[in-house]
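Please read the structure below before turning to the comments.
Order of the sequence lines fixes the chain letters, A, B, ..., with proteins taken first and strands second; residue numbering starts at 1 for each chain. Quick caveat: nothing in here was measured; it's all calculated off a predicted structure.
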There are 2 protein chains.
Amino acid sequence: MTLPSTYADRNCSLARSLEIVGERWTLLIVRDAFFGVRRFGDFVTQLKIPRAVLTSRLKSLVQEGVLVRDDGATGGVEYRLTAKGEGLWPVVRALMHWGDTFYSPSGVKRAARHDQDGGLLDHEGRCGDCGLVIPVPEIRIEPGPGFDSTDPGHDPVSDAINTPRRLLEPITASRTR
Amino acid sequence: MTLPSTYADRNCSLARSLEIVGERWTLLIVRDAFFGVRRFGDFVTQLKIPRAVLTSRLKSLVQEGVLVRDDGATGGVEYRLTAKGEGLWPVVRALMHWGDTFYSPSGVKRAARHDQDGGLLDHEGRCGDCGLVIPVPEIRIEPGPGFDSTDPGHDPVSDAINTPRRLLEPITASRTR
DNA sequence: AGTAGCAGTTCAGTCAATGAACCGGGTAGG
DNA sequence: CCTACCCGGTTCATTGACTGAACTGCTACT
């Protein structure tokens, strides 16, 4: 899966995409990046992913141009989504919608709103108020009716993610800067 | 990944979805099912997936209600998408679109049309002619400009898949019934 | 110097994937 | 009735990937 063309089908863009984001953990890393996670350690605590696996996934995501790694202004290492990475939002949205539909009887686990006018976004990412498809940086995400708030967050990163916030806004919770 | 809740995050429908369709090969099996593949042996020849893995994937997809297994009218075993399985079409479409966008400079590898009026479907599945989102059984799929027809199909199943056809229509190519 | 936080590595144990050979039931032909 | 073939599925030895815990090395602060 890591190597190019592990799936034989050269004529299928689905297979091609899965070469990049089809491995275990990869899409969850991307989701966290949408939610503002940027630091190696924050991915580890949020996802409980083995550090070695995270290293390998971040490396290939950077190589594929889904993330950029830079030693950021804050002094530490940061991983951020590129435009190509942001292009995965419809994929993440579609999977979340399918999961909400078939595995969350009490309603969506997370709702998306248009940050500018507060309108609810439908499953296609279209704002109920202004009718437009909202670009990623203008989307605000918040807990929905299906969100389970018993068993509350155990770490500041999860807490930050579960608070209404705009996508891509960096998480600064644990860091007092 | 096979077990429930291998991904810790209970409050994320993305993680929940990936429990079901996030394993290696699973979405490719689903894609083939959309393209009309129904037989064990056809999945093997089309995907070149190890038979043991296919057995295991089909079993869990049936268990999750994405596929149904029945000993069909034709006499053989058949795997078909359920409504829940058809609900994965937006996921498959989103991943194909991302792959087309970033890995297929010469254009989409497969185009989708509204079978009724011949209108091209956009990346949201909306018909350019009638403006509606087209339900899966009314979608016709055909090779697009990015399709590589050198290195032609080596097996009748691939040939059938690469011929314009409606989704879900069973492949009967190799079988002379 | 001394400590703390963080990105990333190392390593041994475990579990899943791979590919090729094999099994057994059903059907068709002789 | 016997044989050959097709097909779904299993078995098995090998290889490779994932896991979790401990460790390294760098930087900043005291």
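Within the 3.5 Å criterion, the main-chain N or O of A/I29 finds no donor-acceptor partner in the side chain of A/R57.
Looking at B/D100 and B/H97, their side chains never bring a donor and an acceptor atom within 3.5 Å of each other. Side-chain polar atoms of A/N162 and A/R110 form a donor-acceptor pair below 3.5 angstrom.
Nearest nucleotide to the side chain of A/F40, out of C/dA7, D/dT10, C/dG19: C/dA7. Residue B/V77 places its side chain closer to D/dG8 than to any other of D/dG8, D/dC18, C/dA17. Nearest nucleotide to the A/A52 side chain, out of D/dT10, D/dG20, C/dA17: D/dG20.
Put simply, A/W25 has a side-chain N or O that comes within less than 4.0 Å of OP1 or OP2 on D/dT19. For A/R39 and C/dA7, the shortest distance from a side-chain N or O to OP1 or OP2 is below 4.0 Å. At C/dT9, one or more side-chain N or O atoms of A/K59 fall inside 4.0 Å of OP1 or OP2 (strictly under the cut-off).
Geometrically, A/R16 engages B/Y103 in a cation-pi contact defined by less than 6.0 Å to the ring centre and at most 45° from the axis.
The distance from atom CG of B/D42 to atom P of D/dC6 is 14 Å, rounded to the nearest whole Å. A straight line from CG of A/D71 to P of D/dA28 spans 11 Å, rounded to a whole angstrom. Following rounding to the nearest Å, B/R57 (CZ) and D/dG8 (P) show an atom-to-atom distance of 19 Å. Between B/E23 atom CD and D/dA17 atom C1' the separation is 14 Å, expressed in whole Å. Nucleotide D/dT15 holds its C1' atom 13 Å from the CZ atom of B/R24, rounded to whole Å. Whole-Å rounding puts the B/I49 CD1 to D/dT10 P distance at 14 Å. Computed from coordinates, the B/L58 CG to D/dG8 C1' distance equals 10 Å when rounded to whole Å. Counting to the nearest Å, the C1' atom of C/dA7 and the CZ atom of A/R38 are 17 Å from each other.
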side-chain contact (heavy atoms from CB on, under 4.5 Å) between A/W98 and B/I20, worked out: CA-CA 11 Å; A/W98 189 79; B/I20 320 299; 4.1 Å; yes
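As judged by a 4.0 angstrom heavy-atom cut-off over every strand, B/Y79 is placed among residues touching the sugar-phosphate backbone only.
With hydrogens and angles ignored, a donor-acceptor pair closer than 3.5 Å exists between the side chain of A/R51 and the base of C/dA7.
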